[in-house]
Amino acid sequence: TSSQERLLILSGNTYTAGGTVQTDNLTVAGTFVPGANTVRIQGSGTPVSITGTLTEASSTFDYTNASITTIQNDTYNNLTISGTISSGAQSATVAGVFTVSGTFTPASGTITLSGTASVSNSGTLTFQDLTTAASAAATTSSSFSVDGTFTNGSSATFTASTPSLITALSATITNSGSTVTFYDFTIGTGTTTANTSYTVARNFNVTGTLTATSGTVTINGGGSISNSGSLTVFNLTTACSSTSVTTSSSGIASGGYQT
């Protein structure tokens, strides 16, 4: 364990961690193999630089500082933000669990979920751009916001389950994959564009503006639609069985309505 120091792995060298790695700054010019261990990054600013090779395996990288400027744009297994990142361009690919117990509210950048990645949030989480990689099967049971573009990649699925609430803030939603399913879904402040198809398993709430000129919104049986803003979808389908979708809205569908 290295505490309050810089860990430097020189070009041509390989470091295989034997336990938890704790350091202010990590520079990898060679090869870093953290194994199944936690790498705890305590430094502020831009504390990680990887120009060599990171073999992420089943490791967890945890950025813990309250004044982080930039995370390393790399592929992680598990990525945890227990510190504070509230500005800058923040991009990374996560194959395991993206966990926020602190604050993650970047100004720009893309978090990409690959494989069977998931999102777990017990802090404050607003993505700018959130993408599921091609053929991914991403999931969440947590609540968070998207303030840029949500993209479901080719042949990918995104499934949000109880008790999650996904909020779109001036966002663009694009589904070029298999399915996108939100549990509770809110269109918040600003204008969100969603010329695409997706399913809302329970409550669909619009307080801002939603516009769509193509695609189908499917509301599962027992769900509801509430509109106190401006709501236009192209096609609206209710997947009802013995229960019915309830609405407190008008002017919902511009293309078609089907039950």
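All residue numbers in this chain count up from 1 along the given sequence. Note that the structure is a prediction, hence the values are computed from the model and not measured.
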For Leu165 and Asn205: C-alpha separation, side-chain torsions, deciding distance, then whether side chain to side chain contact (heavy atoms under 4.5 Å, CB included) applies.
CA-CA 10 Å; Leu165 166 63; Asn205 183 35; over 6 Å; no
Would the distance check show the side chain of Thr192 and the main-chain N or O of Ile187 forming a donor-acceptor pair, the cut-off being under 3.5 Å?
no
Hydrophobic cluster mates of Val97, side-chain heavy atoms under 4.5 angstrom, ILVMFWY only, any path?
none
Does Asn25 use its side chain to pair, donor to acceptor, with the backbone of Arg6 at less than 3.5 Å?
no
Minimum heavy-atom separation for Leu113 to Ala117, with atom names?
CB-CB, 3.8 Å
Between Leu7 and Val21, is there a side-chain heavy-atom distance shorter than 4.5 Å?
yes
Do any pairs count as a ring-ring contact (aromatic ring centres under 6.0 Å, His included) and have a residue in residues 199-222, sequence neighbours left out, and if so which ones?
Phe185-Phe204
Name all pairs fulfilling the salt bridge (charged side-chain N to carboxylate O under 4.0 Å, His left out) condition that reach into residues 192-202, sequence neighbours left out, sorted by first residue then second.
Asp184-Arg202
Checking the side chain of Thr209 only, and the main-chain atoms of Thr191 only, is there a donor and an acceptor separated by less than 3.5 Å?
no
Which residues pass the salt bridge (Lys or Arg N to Asp or Glu O under 4.0 Å) test with Asp62, sequence neighbours left out?
none
Those residues that, when tested against Thr103, pass side-chain hydrogen bond (donor to acceptor under 3.5 Å, both in side chains) (two or more places apart):
none
Inter- and intrachain pairs under ring-ring contact (aromatic ring centres under 6.0 Å, His included), touching residues 36-65, at least two apart
Phe61-Tyr76
Using the rule given for side chain to side chain contact (heavy atoms under 4.5 Å, CB included), can you reason through Thr218 versus Val200, listing the C-alpha separation, both sets of side-chain angles and the distance that settles it, and then say yes or no?
CA-CA 6 Å; Thr218 301; Val200 179; over 6 Å; no
Enumerate donor-acceptor pairs with a distance under 3.5 Å from any side-chain N or O in residues 44-54 to protein atoms, sequence neighbours excluded.
unit_1	atom_1	unit_2	atom_2	d
Thr51	OG1	Val28	O	3.4

So, for Ser141 and Pro163, which heavy atoms are closest and what is the spacing to 0.1 Å?
O-CD, 3.2 Å
What pair of heavy atoms forms the shortest contact from Ala156 to Ala133, and how long is it?
CB-O, 3.3 Å
To check you understand the geometry: which heavy-atom pair defines the closest contact between Ser142 and Ser164, and what is its length?
O-CB, 2.9 Å
Say whether Asn78 and Thr60, considering side chains only, have a donor N or O and an acceptor N or O under 3.5 Å apart.
yes
For the pair Ser82 (side chain) and Ser101 (backbone), establish whether a donor and an acceptor sit closer than 3.5 Å, ignoring hydrogens and angles.
no
May I have all residue pairs that pass side-chain hydrogen bond (donor to acceptor under 3.5 Å, both in side chains) and include part of residues 127-139, sequence neighbours excluded?
Thr132-Asn152
Answer yes or no: is there a donor N or O on one side and an acceptor on the other, between the side chain of Thr186 and the main chain of Gly188, under 3.5 Å?
no
For residues 118-126, which side-chain N or O atoms pair as donor and acceptor with protein atoms under 3.5 Å away, sequence neighbours left out?
unit_1	atom_1	unit_2	atom_2	d
Asn121	OD1	Gly123	N	2.8
Asn121	ND2	Ser143	O	2.8

Of Asn73, Thr69, Ile85, Ile81, which is the lone residue that meets side-chain contact (heavy atoms from CB on, under 4.5 Å) with Gln90?
Ile85
Treat each ILVMFWY residue as a node, draw an edge where side-chain heavy atoms are under 4.5 Å apart, and state whether Val146 and Phe104 are in one component.
yes
What's the separation between atom OG1 in Thr167 and atom CG in Asp147, rounded to the nearest 0.5 Å?
11.0 Å
Kindly say whether Thr213 contributes a backbone atom to a donor-acceptor pair with the side chain of Asn195 at under 3.5 angstrom?
yes
Can you tell me how far apart CG (Leu210) and OG1 (Thr232) are? Round to the nearest 0.5 Å.
7.5 Å
Hydrophobic cluster membership, Ile41 vs Ile111, 4.5 Å side-chain cutoff
yes
Quick one: salt bridge (Lys or Arg N to Asp or Glu O under 4.0 Å) partners of Arg40, sequence neighbours excluded?
none
For residues 116-146, the ring-ring contact (aromatic ring centres under 6.0 Å, His included) pairs (sequence neighbours left out) are Phe98-Phe127, Phe127-Phe144
Quick one: which residue pairs count as a salt bridge (charged side-chain N to carboxylate O under 4.0 Å, His left out) with a foot in residues 86-106, not counting sequence neighbours?
none
